[in-house]
Amino acid sequence: MDSWIRLNASTTGKDKLIRLIQYLSRFVWHNLEHRKNLRDAVARLKILESAFSSFRKLLRLGKSLEVLHGALRTQHLPNLVLRVLLTLSRIYQTCFLMVDHIIWVGRVGLYDINKQKWSDYSNKFWLGSIFLNLLRDIYEIFQILQQQVQCRTPEPCLYKTIPIIKAAYDYIPVTRPVVQFAEGHRDIFWDSLKNICDIWIPLTSLGHTRLSPGMVGLLGSVSSFAGLVAVLDPLAKLVPT
């Protein structure tokens, strides 16, 4: 209950939760689309996906100014690499959100716009932001490896209690370094997972890759889950942001 209250009280938490449902809807309707007796269910899921997408755009109205203000703060970070990557990422994200506001205006019919053109602009700015965030993750991982920081505690942690991860750790030895890294550096692990999944979505929308709607839905769902973990678990949130 405490987790739900904390999630519901956060605009970011609501956005991640709705995003998870949105991409799960896409994943499900794509896998049911070939079944003729489930056409009504597929149509409803597509409507649900579209409705949640529009609601998220409404929820983000004005957030571009908040992100821009964040870019002003990251300019003062002492680490030069983080300062450059985070500031540029925030600028790209600000542009993405501003275009997103325009798309919402066109979607609700307040003004007639070229939706495809603005959607391409949005995906390009989003792709730039994700790419810079991935560079930041790579830099953070390199710093950790350089310092030879490893999770060596024998005590079970949060992620070993998740059945799938625990099974992988116990029966697939090659996954143990990944699980150990996830235990010791939750913030980098979940942020990297989120960005690795996210980057394929704008690449597909722009035509650079040809992933199916089902695969996009799956990647978006995993990314959204990683974002939810960062909201619910303070140790899983990468800072500075």
Side-chain angles (χ1 to χ4, degrees), residues 6-7 9-17 19 56-57 59-101 121-152 157-159 177-178 180-203 219-220 222-241:
R6 186 163 62 253
L7 186 67
S10 166
T11 302
T12 302
K14 289 179 181 178
D15 179 70
K16 298 299 182 185
L17 182 60
R19 187 178 191 267
R56 288 183 58 233
K57 292 182 187 302
L59 200 64
R60 294 197 298 259
L61 282 179
K63 190 175 180 180
S64 54
L65 296 177
E66 178 186 338
V67 175
L68 181 60
H69 186 263
L72 298 177
R73 292 198 307 270
T74 56
Q75 289 180 353
H76 304 290
L77 291 174
N79 187 302
L80 177 61
V81 176
L82 292 181
R83 187 192 317 156
V84 172
L85 291 177
L86 288 176
T87 300
L88 289 177
S89 173
R90 295 298 173 270
I91 292 173
Y92 268 96
Q93 191 178 4
T94 299
C95 295
F96 158 70
L97 289 169
M98 290 179 68
V99 173
D100 203 50
H101 301 340
Y121 286 151
S122 174
N123 282 301
K124 287 176 182 177
F125 287 129
W126 187 23
L127 180 61
S129 176
I130 297 172
F131 179 73
L132 289 165
N133 289 335
L134 268 176
L135 288 180
R136 185 262 179 96
D137 291 332
I138 293 170
Y139 172 75
E140 296 277 11
I141 293 172
F142 178 77
Q143 292 291 101
I144 292 170
L145 294 178
Q146 195 174 44
Q147 297 169 9
Q148 297 183 341
V149 177
Q150 296 289 339
C151 176
R152 303 183 185 278
C157 72
L158 172 64
Y159 303 110
V178 177
Q180 288 176 342
F181 185 87
E183 293 172 1
H185 309 284
R186 302 178 192 175
D187 49 358
I188 304 295
F189 173 78
W190 289 108
D191 194 72
S192 300
L193 178 62
K194 176 175 69 68
N195 290 320
I196 289 170
C197 291
D198 269 345
I199 199 167
W200 297 100
I201 301 175
L203 282 174
L219 291 171
V222 174
S223 168
S224 301
F225 177 77
L228 279 173
V229 172
V231 173
L232 295 173
D233 182 4
L235 295 178
K237 183 177 181 180
L238 187 59
V239 292
T241 58

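All residue numbers in this chain count up from 1 along the given sequence.
- Contact check for N133 versus S129: side-chain heavy atoms found under the 4.5 Å cut-off.
- Scanning all heavy atoms of the two residues, the minimum distance from K194 to S223 falls at CG-OG, 3.4 Å.
- Going from atom CZ of F142 over to atom CD1 of I138 covers 11.5 Å, rounded to the nearest 0.5 Å.
- The two residues V231 and T12 come nearest to each other via the heavy atoms CG2-CG2, 4.1 Å.
- Residue K57 qualifies as enclosed at atom NZ: its count of foreign heavy atoms under 6.0 Å is above 12.
- For the pair L238 and D137, the minimum side-chain heavy-atom distance is below 4.5 Å.
- A donor-acceptor pair is defined here as one N or O able to donate and one able to accept, closer than 3.5 Å; no such pair exists between the side chain of S89 and the backbone of L85.
- When the shell of 6.0 Å around OH of Y139 is examined, it contains more than 12 heavy atoms from other residues, nucleotides or ligands.
- Distance CG/N195 to CG/L134: 4.5 Å, rounded to 0.5 Å.
- Expressed to the nearest 0.5 Å, how far NZ of K14 lies from CG of L228 amounts to 13.5 Å.
- Across H101 and S64, no two heavy atoms sit closer than the pair NE2-OG, 3.3 Å.
- The distance from the CE atom of M98 to the OH atom of Y121 is 14.0 Å, given to the nearest 0.5 Å.
- Nearest heavy atom pair, residue H76 against residue L72, reads CD2-O, 3.3 Å.
- Nearest approach of V67 to Q93, heavy atoms of both residues: CG1-OE1, 3.8 Å.
- The side-chain contact (heavy atoms from CB on, under 4.5 Å) test with E140 singles out one residue from L145, V81, L82, D191, and that residue is L82.
- Here the closest non-hydrogen pair linking V222 and C197 is CG1-SG, 3.6 Å.
- When side chains are defined from C-beta on, V239 does not count as touching D187, because their heavy atoms never get closer than 4.5 Å.
- Of the inter-residue distances, the one linking T74 atom OG1 with R90 atom CZ reads 6.5 Å to the nearest 0.5 angstrom.
- Note that NZ of K63 and OG1 of T94 are 10.5 Å apart. Values are rounded to the nearest 0.5 Å.
- Note on R19 versus D198: salt bridge recorded, some NZ/NE/NH1/NH2 to OD/OE distance being below 4.0 Å.
- Looking at I201 and W126, their side chains come closer than 4.5 Å, going by heavy atoms from C-beta outward.
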